Amino acid sequence: DLRNPDVYCSRPYSQWREIKLLQDEIERLRDPQELNFTSSQLDELREENSRLKYRLNILKRSLQEEMSQNDNEMLNINQRLQQIFGEAINTAYPGLENPPLTVTPNQQAKFGDYQCNSAMAMAQVMKAKGRKISPREIAEKIVQNIPNNELIERTEIAGPGFINVHLKRMFVSKLLSSLLVNGVKPPSLKKKKKVVVDFSSPNIAKEMHVGHLRSTIIGDSMCRLFEFLGYEVLRLNHVGDWGTQFGMLIAHLQDKFPNYLSVSPPIGDLQAFYKESKKRFDEDEEFKRRAYQCVVKLQSKEPDFIKAWNLICDVSRNEFQKVYNCLDIRIEERGESYYQDMMTAVIKEFEEKGLVQLDEGRKIVFAPGQSIPLTIVKSDGGYTYDTSDLAAIKNRIFDEKADIIIYVTDSGQAVHFQVVFAAAQLIGWYDPKVIRVEHAGFGVVLGEDKKKFKTRSGDTVRLMDLLEEGLKRSMDKLKEKGRDKVLTPEDLVKAQRAVAFGCIKYADLSHNRINDYVFSFDKMLDDRGNTAAYLLYAFTRIRSIARLANIQEATLRTAVETTEVLLDHEKEWKLGKCILRFPEILQKITDDLLLHTLCDYLYELATTFTEFYDSCYCVEKDRQTGEVVKINMCRMLLCEATAAVMAKGFDILGINPVERM
């Protein structure tokens with residue numbers, strides 16, 4: 001259950017609690033004579049006892065299934081430790097309801113690999129209930145009740161009650177071997193769920209700008225994450241393709257290209273076309289009147305007007321697609337027009353349930369706990385964004401049968417979506433405990449002067465201009481490093497695109513999306529620090545180790561099947577644990593939708609690998625001849641495992657690394 005990470009992590013733990021309670025109840029019913037029951041009561045109790053035993057067996061079976069890890073999948077070590085400590089806490093303090101359960105990776109190796117910090121919080125809970133026990137005493141009791149398990153080597157209690165956990169090296173080694181044999185596979189879902197992600201959403205007849213860049217990059221990465229985890233994902237582009245502005249665009253089209261029905265109009269610059277029509281609309285009353293008539297005819301679906309509308313939409317679509325092709329974005333268009341025919345039914349439903357109020361000719365809906373209403377019908381009888389967003393959420397819940405719905409827009413729209421979600425709950429369309437509906441907001445893009453990102457003339461930056469500038473700068477960077485001398489022209493262009501678009505995406509995703517971020521080509525193309533340029537070079541270097549040592553793919557495959565991944569050196573151990581934290585990272589992002597955590601992890605993995613590579617030779621060469629003298633195949637496998645996880649991380653971020661850079 002992704003709506004509540006605590007529930008998700010402690011589901012087996014709650015089953016243990018229920019098993020314990022059922023066992024206690026069965027024990028109590030074992031000796032009914034002592035309890036002075038009548039004959040009929042005894043029959044009822046025997047029946048109840050049978051039911052309890054049946055329930056107990058189902059729970060035990062369910063728990064075994066929960067615990068049996070598919071060997072093909074990567075194990076979430078943190079989650080497994082939470083299960084183990086959950087059982088220990090439940091056994092040590094069976095009467096304590098919903099005790100706090102926190103397990104985190106240890107920051108300092110000398111204190112072990114993971115740490116359970118529940119004892120301090122439990123002491124507070126008990127103190128509030130009138131039981132004063134020291135955290136250290138609680139920690140000792142928890143440790144005494146840790147069940148037999150496959151991964152804990154030993155525990156130590158430190159300070160006031162921290163429980164430090166040391167993992168079994170052999171267990172970690174087996175997990176790494178499994179990863180190498182089976183590839184990077186996520187834990188399987190108990191039930192296939194459907195996720196709808198609403199992202200990008202530019203407006204027809206307007207250029208995509210840098211704000212759309214954030215929504216497009218963040219939304220695409222969220223889709224990639226859920227797809228990797230096994231969800232069915234519907235990627236939706238809620239474009240602004242309906243409304244009064246189309247009246248003026250169609251009227252201008254009729255004047256400028258009178259034969260548009262038979263000859264496709266050569267609209268090269270739709271932005272200029274939009275500005276021309278807007279100027280006429282603001283200055284010419286006759287044109288304004290015609291524009292309103294065009295809107296009425298469009299909404300009545302008159303064929304000539306639908307054709308004009310489609311022509312304008314197609315020009316925009318072609319421009320949008322250029323951006324999507326550069327950034328490797330797959331998305332299905334479902335603009336506001338898609339929901340037009342659903343809106344009347346939505347309004348009728350709100351009216352029938354008595355949720356509509358009249359306000360100076362407008363029809364409005366107040367949702368509980370919200371200070372502003374939704375306007376579902378304007379005073380002139382027209383519909384609004386509120387109406388189309390209500391129709392959209394209803395469609396996604398009932399027709400698409402989504403389990404999770406995510407809206408990726410700027411944080412300025414947070415209040416709007418809050419009210420839409422509240423209204424959808426008010427009318428009974430969804431229960432937030434069953435369907436997760438979330439607005440994933442993001443901050444604005446700033447220029448290096450920390451002001452809103454604009455061109456020198458003060459205009460919004462066109463997205464294609466930005467992407468083309470990125471390509472130019474990445475080629476300059478590659479030539480500066482002399483890559484044009486060693487790469488084929490084809491490989492150089494591949495590297496150019498990987499660096500340009502990878503850096504633009506990573507610069508966005510590596511910042512907490514909630515904050516504003518400063519757009520700087522110089523910073524994003526810097527190959528030092530937490531940047532895509534650094535990570536792409538690091539990945540290429542790791543991938544080249546086997547190639548430069550002339551180790552064939554078949555040799556590595558055989559080694560994967562036959563060589564044990566030993567982790568004797570402290571840097572090997574550190575790298576092995578870091579590789580295996582990947583599922584924990586993905587779980588966290590699934591819960592909070594903050595993708596910078598994955599970027600931070602990939603940077604940590606790359607720097608941990610560098611520490612390992614500097615301290616542990618993988619390939620030993622003769623200093624005079626440069627010939628390979630010795631290969632440590634076990635360490636080569638650690639290189640392969642690092643690269644496999646990095647590649648999957650890049651894939652989720654929508655970054656396309658190249659083998660040669």
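Small disclaimer: the values here were computed from a predicted structure and weren't measured. Every heavy atom of this structure was used, including side-chain atoms; hydrogens, water molecules and symmetry mates were not. For reference, positions follow the sequence shown, starting with 1.
Remark: the Asp389 side chain and the His416 side chain contain an N/O donor-acceptor pair separated by less than 3.5 Å. A side-chain donor-acceptor contact under 3.5 Å links Asp241 and Ser337. A donor atom on one side chain and an acceptor atom on the other are found under 3.5 Å apart for Thr409 and His439.
Of the inter-residue distances, the one linking Leu234 atom CG with Ile331 atom CD1 reads 9.5 Å to the nearest 0.5 angstrom. In this structure, CD in Gln413 is found 9.0 Å from OG in Ser215, a value given to the nearest 0.5 Å. Of the inter-residue distances, the one linking Asn117 atom CG with Thr102 atom OG1 reads 5.0 Å to the nearest 0.5 angstrom. One finds the CG atom of Asn395 at 12.5 Å from the CG atom of Leu390 (value rounded to the nearest 0.5 Å). The distance from atom CG of Asp198 to atom CZ of Arg396, rounded to the nearest 0.5 Å, is 4.5 Å.
Scored by the ring-ring contact (aromatic ring centres under 6.0 Å, His included) test, Tyr407 finds Phe417, Phe421 as partners (sequence neighbours excluded). The side-chain contact (heavy atoms from CB on, under 4.5 Å) check on Ala88 picks up Ile142, Asn145, Ile146, Pro147, with sequence neighbours excluded. For the salt bridge (charged side-chain N to carboxylate O under 4.0 Å, His left out) test, no residue two or more places apart in sequence or in another chain qualifies with Asp600. His596 is linked by a ring-ring contact (aromatic ring centres under 6.0 Å, His included) to nothing, counting only residues two or more places apart in sequence or in another chain. Judged as a ring-ring contact (aromatic ring centres under 6.0 Å, His included), and not counting sequence neighbours, the contacts of Phe350 are Trp429. Partners of Thr344 according to the side-chain contact (heavy atoms from CB on, under 4.5 Å) rule, which considers only residues two or more places apart in sequence or in another chain, are Tyr383. Legend: residues meeting salt bridge (charged side-chain N to carboxylate O under 4.0 Å, His left out) with Glu553, ordered by chain and number and at least two apart, are Arg557. Residues forming a side-chain contact (heavy atoms from CB on, under 4.5 Å) with Thr607 (at least two apart in sequence, or on another chain): Tyr534, Tyr603. Scored by the side-chain contact (heavy atoms from CB on, under 4.5 Å) test, Gln418 finds Gln370 as partners (sequence neighbours excluded). Partners of His238 according to the ring-ring contact (aromatic ring centres under 6.0 Å, His included) rule, which considers only residues two or more places apart in sequence or in another chain, are Tyr339.
Salt bridge status for Glu333 with Arg317: present, with a side-chain N to carboxylate O gap under 4.0 Å. A salt bridge does not link Lys394 with Glu400: none of the charged nitrogens is closer than 4.0 Å to a carboxylate oxygen. In this structure, Asp328 pairs ionically with Arg224, as a charged nitrogen and a carboxylate oxygen lie closer than 4.0 Å. No salt bridge links Glu150 with Lys168; every basic N to acidic carboxylate O contact stays at or beyond 4.0 Å. Comment: Arg330 does not engage Asp220 in a salt bridge, judged by the lack of any side-chain N to carboxylate O separation of less than 4.0 angstrom. Comment: Asp591 does not engage Lys588 in a salt bridge, judged by the lack of any side-chain N to carboxylate O separation of less than 4.0 angstrom.
Side-chain N or O atoms of Arg436 include none that pairs as donor or acceptor with a backbone N or O of Asp403 at under 3.5 Å. Judged purely by atom type and a 3.5 angstrom limit, Ser178 has no side-chain atom pairing as donor or acceptor with the backbone of Lys174. Without hydrogens or angle criteria, Ser221 side chain to Ile218 main chain gives no donor-acceptor distance under 3.5 Å. Between the side chain of Glu87 and the main chain of Gln83, no donor-acceptor pair closer than 3.5 Å is present.
Across Met646 and Leu535, no two heavy atoms sit closer than the pair CE-O, 3.9 Å.
In this structure, Lys353 places its NZ atom where more than 12 heavy-atom neighbours from other residues, nucleotides or ligands lie under 6.0 Å away.
Screening residues 405-417 for salt bridge (Lys or Arg N to Asp or Glu O under 4.0 Å) gives no qualifying pairs among residues at least two apart or on separate chains.
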### Message
With side-chain hydrogen bond (donor to acceptor under 3.5 Å, both in side chains) as the criterion, how do Glu73 and Ser188 come out once you've worked through the C-alpha distance, each side chain's angles and the decisive distance to 0.1 Å?
### Response
CA-CA 7 Å; Glu73 303 160 3; Ser188 58; 2.9 Å; yes
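The closest side-chain heavy-atom distance from Ile405 to Val197 is not below 4.5 Å.
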Side-chain donor-acceptor pairs under 3.5 Å in residues 320-327, sequence neighbours left out?
from   : atom 1 : to     : atom 2 : distance (Å)
Gln321 : NE2    : Asn325 : OD1    : 2.9
Lys322 : NZ     : Glu319 : OE2    : 3.1
Tyr324 : OH     : Ser200 : OG     : 2.7
Tyr324 : OH     : Asn237 : ND2    : 3.0
Asn325 : ND2    : Gln321 : O      : 3.4

